[in-house]
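Everything on this sheet refers to the single structure shown next.
Numbering of residues begins at 1 and proceeds along the displayed sequence.
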Amino acid sequence: MTIKIHEFSSVLIVDDDPMTRMLVVEALEPEGFVVLEADSGLEGIEAFSRHKPDIILLDVSMPGMDGFECCRRIRRLSGGERVPVVVLTGNDDDESITSAFEAGATDFVSKPMRWKLLSYRVRYLLRSRAVLEALASSEASLAFAQQLAHVGNWEYGVATADGSWSPELYRILGLDESTDVPTHESLMLCVPDEERSPLLRSFMSLRTDGTRFGLEHRIVHRDGSERFVFHQAEATRDQGKIVSLRGTVQDITERKMHEAQIEFLANHDALTGLPNRNLLSDRIAQAIARAQRDNRRVGVMILDLDRFKFINDNFGHQVGDGLLKAVAARLRATVREVDTVARLGGDEFVIVLSSMAHPGDSEIAAQKILDAFVPPILMEGHELHVTTSIGISVFPEDGFNAEVLLKTSDAALFIAKDKGRNCFQLYTSQMGVQVEEQAELVNALTQAVVRNELEIHYQPKVDLKSGAVSGVEALLRWRRPGIGLIAPDIFIPLAELTGLIIPIGEWVLRTACIQAKAWHDAGHIGLTMAVNISARQFRLNNVQDLVRSALADSGLHAAFLELELTESVLMHDKEAAVKALQQLKEIGVVLTLDDFGTGYSSLSYLKEFPIDVIKIDKSFISDVASSVDGASLTRSIISMAESLHMITVAEGVETEEQLSFLNINRCDRMQGHYFSRPLPAGEMNALLGARTRLPWDSCRRVSPHRIPDPAEVSPVTAQ
């Protein structure tokens, strides 16, 4: 069956913003569409009645009548039942989505739109409408479509309990079409007892008042297996009287499995399956609460593997990952079930000893752990001898909360390593020397701001479809006189702790915007600039003013500025975070969620925040070529982001295998040493001039360990 769309199909755009209407006209008229305009909901209804357009683009936020009410009224007009209505809004939260579809919308698009794709989207919706009308005449085709979409439907008359089910609904319910009668009671018996009451109440409201519903619940098959479904229903009326009920049941089990995988990431390490830092803090807090109640103690031990880097470098990451799993298993076997073994990252583990009677119990447990490392670990034919250093702190002597106990045990670990490794060390008050060293570093950092010792390096982001450099990330560096570059993970937490991150962050933002505008003026049009926003900056509640000022002073268009925020920043105060992000979106900047997978990683909160880009943490990318779990979790993140219309960026890409995996699984962009290390502005100038237009296959041939000097790239190659 061939569906043809007339070249003069009419499109009605209802929007009070003249700029949006103009952009729609410019995008669609050259493609052969006739564009009709209305600047209010009331005028949109009148225009629909006069012209009967083939499709409607409808803004939500308009003075007077909003888009939801306008959609509802059009649906009640003659000819308005089937016309595609695409709701345009800057809000993509669950409430807006629900309101749009309850009002009768066909589709939902967030602003700003990708104008070049608008004509394709319109043609697709028109074609979909024609296809659905054609399918309505064929029961077999409809059943096949439902099977593909995993959606079944039912219908009941108000006066009878009997009804009809589609073949797909029988499959979803696990029932036999030839023997099971499609009664309302049969449907209810498939729902677990504890979830049946809310569904029954919804059915009663539907039958008596015509109140439509949509809710998720489980279905239990006769063999005991379960499915998750989204169940929605509505009443049909004749002259105002409810005459029948109809609904759909969509099998969302696969989506729920993806959500569960991502939720697992919020609390567990992907490699070892141990609790991660987020869950660890909760476990320590619970152990402290029990200890206070029972007058007991809690031991917190941080373990760092000795010689792990040597093993990783000489035997490869696959052996190194296997070793970490084996270590996790030995640690779990060494402690009690009531204790917690967690992985902080890298080769660092934490053990929480619950309900200790005496402080000395932690020393006994530490020696038991050291003894467990005496036998070698066999890994892929290699006999690996690995030891560990342990730092110990005890509640309440060394701290009253998780943060302090982890800090004091970490200080003890530093001393254990200094003593020669393969030993344990209890925290003592004399270890406050480390605090003094940090104070000296803070003082030097304060002077660094004054003496202009800070600099910005830029790491390119590569578009995986074109192979071109689509943007850069601004990364802060500290070149300390007489010492050299100080690792960012050393001085940035100190800057955050002391508040120095406020002036430093403002300087980074302004400098990065000026540099981006300079690159645009040099011909690198479209290049985006990503800047990290710290927790302190975000919580000052003036980050919006700072962004506006930086953009105005530099002349950079807001669409080319990406603000990267971490999950922990957003979850500190979700209500305030949503408000701040919405204000930033009004400015027009792009919002990126950094280090996704290392924190909360919840699909539910992703829907709450107006996020445009998800950056997959490098800890997952490092596992995609060597770990089935790592590959599966990364694939799930990409799939979830795609379903939410978000762009994915993989960070920490270092090998051809990782790049191939990301390309196959439709990741949008990558950054990492495979393409380039972070570069000073001068070197970045040369790289942009030489390589931003290289074809994809040339991009793939770049060495993961060495970036060519710009002088080595000939003018011919650069073209």
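- At a threshold of 4.5 Å between non-hydrogen side-chain atoms, the residues Arg121 and Asp107 count as touching.
- To the nearest 0.5 Å, atoms CZ (Arg73) and CG (Leu42) are separated by 7.5 Å.
- Partners of Arg296 according to the side-chain hydrogen bond (donor to acceptor under 3.5 Å, both in side chains) rule, which considers only residues two or more places apart in sequence or in another chain, do not exist here.
- With rounding to the nearest 0.5 Å, the separation of CH2 in Trp154 from OG in Ser186 is 13.5 Å.
- Take His217 and apply the ring-ring contact (aromatic ring centres under 6.0 Å, His included) test, not counting sequence neighbours, and it matches His231.
- Nearest heavy atoms, Ile172 versus His221: O-NE2, 2.8 Å.
- Under the 30°/60° scheme for interplanar angles, the aromatic rings of Tyr156 and His184 are found to stand perpendicular.
- The only option from Val122, Leu125, Ile56 that meets the side-chain contact (heavy atoms from CB on, under 4.5 Å) definition with Val86 turns out to be Leu125.
- Of all heavy-atom pairs between Val151 and Glu168, the closest is O-CG, 3.3 Å.
- At distances below 3.5 Å, not a single donor-acceptor pair connects side-chain atoms of Thr20 with backbone N or O atoms of Asp16.
- Although no hydrogens or angles enter the test, the distance criterion places a donor-acceptor pair under 3.5 Å between the side chain of Ser643 and the main chain of Met640.
- Counting non-hydrogen atoms of other residues, nucleotides and ligands closer than 6.0 Å to CZ of Arg666 gives a total of 12 or fewer.
- Under a cut-off of 6.0 angstrom, the local environment of CD in Glu46 is crowded, with over 12 non-hydrogen atoms contributed by other residues, nucleotides or ligands.
- Between Asp54 and Pro84, the closest heavy-atom pair is O-CD, 3.2 Å.
- Arg212 is linked by a side-chain hydrogen bond (donor to acceptor under 3.5 Å, both in side chains) to Glu234, counting only residues two or more places apart in sequence or in another chain.
- Panel note: side chain Asn276, backbone Leu279; a donor-acceptor pair is recorded below 3.5 Å.
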| said: Between Val350 and Val300, does the side chain to side chain contact (heavy atoms under 4.5 Å, CB included) criterion hold? Intermediate values first, please. | reply: CA-CA 7 Å; Val350 174; Val300 175; 4.2 Å; yes
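- Here Asp180 pairs with Tyr170, Leu175, Asp176, Arg222 under the side chain to side chain contact (heavy atoms under 4.5 Å, CB included) rule; sequence neighbours left out.
- The number of heavy-atom neighbours closer than 6.0 Å to NZ of Lys585, taken from other residues, nucleotides and ligands shown, is above 12.
- Residues passing the side chain to side chain contact (heavy atoms under 4.5 Å, CB included) test with Leu77 are Ile45, Phe48, Ser49, sequence neighbours excluded.
- Distance check, rounded to the nearest 0.5 Å: CG of Asp294 to OG of Ser355 gives 6.0 Å.
- Thr592 places no side-chain N or O within donor-acceptor distance of the main-chain N or O of Glu564, the cut-off being under 3.5 Å.
- A distance of 12.0 Å separates OG in Ser99 from CD in Glu69, rounded to the nearest 0.5 Å.
- Taking the side chain as every heavy atom from C-beta outward, Asn153 and Val249 never approach each other to under 4.5 Å.
- Rounding to the nearest 0.5 Å places CZ of Arg246 at 11.5 Å from CD of Gln232.
- The environment of Glu177 atom CD is dense: over 12 non-hydrogen atoms of other residues, nucleotides or ligands sit within 6.0 angstrom.
- Contact record, Cys71 with Gly104: SG-C, 3.7 Å, taken as the closest heavy-atom pair.
- Under the salt bridge (charged side-chain N to carboxylate O under 4.0 Å, His left out) criterion, Asp668 pairs with no residue at all, not counting sequence neighbours.
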| Full working for side chain to side chain contact (heavy atoms under 4.5 Å, CB included) between Leu199 and Phe213 | CA-CA 9 Å; Leu199 185 59; Phe213 68 82; 4.0 Å; yes
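- Taking the side-chain hydrogen bond (donor to acceptor under 3.5 Å, both in side chains) definition, one finds that Arg218 meets it with Glu194, Glu195, Glu226, sequence neighbours left out.
- Judged purely by atom type and a 3.5 angstrom limit, Ser166 has no side-chain atom pairing as donor or acceptor with the backbone of Gly152.
- When atom types are taken as modelled, the side chain of Asp223 and the backbone of Ser225 share a donor-acceptor pair closer than 3.5 angstrom.
- Here the side chains of Met188 and Leu200 are in contact, with some heavy-atom distance below 4.5 Å.
- In this view, Ala287 and Arg290, Val298, Val352, Ser354 satisfy the side chain to side chain contact (heavy atoms under 4.5 Å, CB included) rule, not counting sequence neighbours.
- Side-chain N or O atoms of Arg207 include one that pairs as donor or acceptor with a backbone N or O of Val158 at under 3.5 Å.
- With Gln537 contributing its side chain and Ser534 its backbone, the two residues share a donor-acceptor pair below 3.5 Å.
- Under the rule for a side-chain hydrogen bond (donor to acceptor under 3.5 Å, both in side chains), the partners of Ser244 that lie at least two apart in sequence or sit in another chain are Thr236.
- Shown are Gln583, Gln582, Glu586; of these, the side-chain hydrogen bond (donor to acceptor under 3.5 Å, both in side chains) with Gln544 is made only by Gln583.
- Residue His258 comes nearest to Ser636 through the heavy atom pair ND1-OG, 3.4 Å, listed as atom of the first residue, atom of the second, then distance.
- Here OG of Ser281 is found 11.5 Å from CD of Gln286. Values are rounded to the nearest 0.5 Å.
- In this structure Glu43 satisfies the salt bridge (charged side-chain N to carboxylate O under 4.0 Å, His left out) test with no other residue, sequence neighbours excluded.
- In plain terms, the two heavy atoms of Val341 and Pro275 that are nearest each other are O-CD, 3.0 Å.
- With sequence neighbours left out, the salt bridge (charged side-chain N to carboxylate O under 4.0 Å, His left out) criterion links Asp39 to no other residue.
- Asp339 places a side-chain N or O within donor-acceptor distance of the main-chain N or O of Arg336, the cut-off being under 3.5 Å.
- For Lys256 and Glu216, the salt-bridge test passes: some basic side-chain N is under 4.0 Å from an acidic carboxylate O.
- When atom types are taken as modelled, the side chain of Asn665 and the backbone of Arg635 share no donor-acceptor pair closer than 3.5 angstrom.
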| query | Yes or no on side chain to side chain contact (heavy atoms under 4.5 Å, CB included) for Cys70 and Leu58, after CA distance, side-chain angles and deciding distance? | reply | CA-CA 8 Å; Cys70 180; Leu58 180 59; 3.9 Å; yes
| request: With side chain to side chain contact (heavy atoms under 4.5 Å, CB included) as the test, would you mind laying out the steps for Leu118 and Val24 before giving the verdict? | output: CA-CA 8 Å; Leu118 182 59; Val24 170; 4.2 Å; yes
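- Sparse packing is recorded around NZ of Lys579, with 12 or fewer heavy atoms of other residues, nucleotides or ligands lying under 6.0 Å away.
- For Ala328, the side chain to side chain contact (heavy atoms under 4.5 Å, CB included) test picks out Thr272, Leu274, Arg332, Phe349, with sequence neighbours left out.
- Contact check on Arg75 versus Glu81 returns no salt bridge, with no Lys/Arg side-chain nitrogen under 4.0 Å from an Asp/Glu carboxylate oxygen.
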